[in-house]
Amino acid sequence: MRIARYTTGEDPTYGLVDGAGDKIAEISGDPLYSKIELTGRTTTVDEVRLLAPVIPRSKVIGIGKNYAEHAREMGGEAPTEPLMFLVPNTAVAGPDDPVVMPPQSQRVDYEGELAVVIGRMCKDVTPQEARQVVFGYTVANDVTARDLQKSDGQWSRAKGFDTFCPLGPWIETDLDVSDLRLQTRVDGEVRQDGTTADMIHDVWTLISHASQAFTLLPGDAILTGTPEGIGPVEPGQRVEVEIDQIGVLGNPFLRR
Ligand code: MG
């Protein structure tokens, strides 16, 4: 299933999106917490404003340097254990929402990533058990103030500004994520073209590792790292991250 969160000008609602990404069948309630039931109302993607498909109630967990070529382009070796950081949920933005580039940073980068959405509260799960706690997958842009990441020495501010964590366009619940093509484009020009098969630590290992430290709650998101080809965005440019079998997450970047 593809589950979108959207608005037609009123309170956000959820719906099932068809395979072509055109039509939406509205469902009642929040699918993270209640059984999926259609209301009978339908609309189209063009007629609504898509919102971030989930607003994590407790946390977004980022994973640094989970692709060897990206670790290399950052000038280092990949860490032996998954390197985790936390992003506040106030950084989450939706499809087409502007990413606001803060005045404190002179270099804001895109990082196209696969995001895992957790469906069940869990702690200390093994990689084998991890499959059972996944609600679904979506596309993320782990936007980073690269200059502040270096000067701060830790990553909270550089990755945590408001709007720095676009998610969407929807959550795909049935997906084999072992080898999905991931492409990032800036104004249509391809900058990242990788595959999730090149992750150093796979999705199951990442969930297990995170759960050894934190209790994972429904709606928590794990950003699984970015492939090589990161780079800066100029104000006025549009960044699109596309993952096969999920969809395209596009956001304009602008200066406040
Ligand atoms: Mg990242």
Side-chain angles (χ1 to χ4, degrees), residues 52 54 56 59-93 99 101-102 105 107-118 137-168 177 180-186 190-203 205-207 209-210 213-214 220-233 239-243 246 248-251 253:
V54 63
K59 55 198 167 295
V60 176
I61 300 165
I63 305 291
K65 300 180 185 172
N66 195 32
Y67 289 77
E69 289 302 320
H70 169 62
R72 212 157 290 146
E73 76 181 349
M74 296 299 288
E77 288 301 303
T80 49
E81 276 198 313
L83 173 62
M84 295 192 288
F85 56 92
L86 292 175
V87 178
N89 60 2
T90 43
V92 171
V99 172
M101 305 163 84
S105 173
R107 179 173 163 164
V108 175
D109 284 14
Y110 57 82
E111 292 188 2
E113 310 200 3
L114 174 74
V116 180
V117 180
I118 298 297
Y137 305 91
T138 190
V139 183
N141 192 344
D142 176 24
V143 179
T144 304
R146 197 66 72 197
D147 47 356
L148 302 183
Q149 184 184 29
K150 291 202 178 81
S151 61
D152 282 358
Q154 55 89 37
W155 304 359
S156 298
R157 182 167 68 141
K159 290 174 176 285
F161 281 100
D162 289 356
T163 73
F164 268 29
C165 187
L167 298 175
V177 293
L180 294 175
R181 189 175 184 187
L182 186 161
Q183 220 182 48
T184 305
R185 300 180 288 268
V186 178
V190 176
R191 301 288 180 83
Q192 293 184 292
D193 194 357
T195 162
T196 58
D198 288 338
M199 285 184 193
I200 297 167
H201 305 286
D202 67 14
V203 162
T205 304
L206 298 179
I207 296 167
H209 186 77
F214 314 123
D220 283 352
I222 301 177
L223 313 184
T224 58
T226 199
E228 67 180 306
I230 56 107
V233 186
V239 179
E240 289 182 337
V241 183
E242 178 166 13
I243 298 181
I246 304 178
V248 180
L249 169 68
N251 298 89
F253 280 55

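Indexing begins at 1, ligand by ligand and atom by atom, following the structure's order. Since the structure is predicted, the reported quantities are computational estimates derived from the model, not experimental observations.
Of all N/O/S atoms in Glu113, OE2 sits nearest the Mg ion (ligand 1). For Asp142, the N/O/S atom at the shortest distance from the Mg ion (ligand 1) is named OD2. Note on Glu111: its N/O/S atom closest to the Mg ion (ligand 1) is OE1.
Using modelled atom types, one finds no donor on one side chain facing an acceptor on the other under 3.5 Å when comparing Thr195 with Asp198. For the 3.5 Å distance criterion, the side chains of Asp109 and Thr144 fail to qualify, holding no donor opposite an acceptor.
Pro56 and Asn89 make their closest contact through O-ND2, 2.7 Å (heavy atoms, listed as atom of the first residue, atom of the second, distance).
You'll find the side chain of Thr224 stays beyond 4.5 Å of the side chain of Thr196, heavy atoms only.
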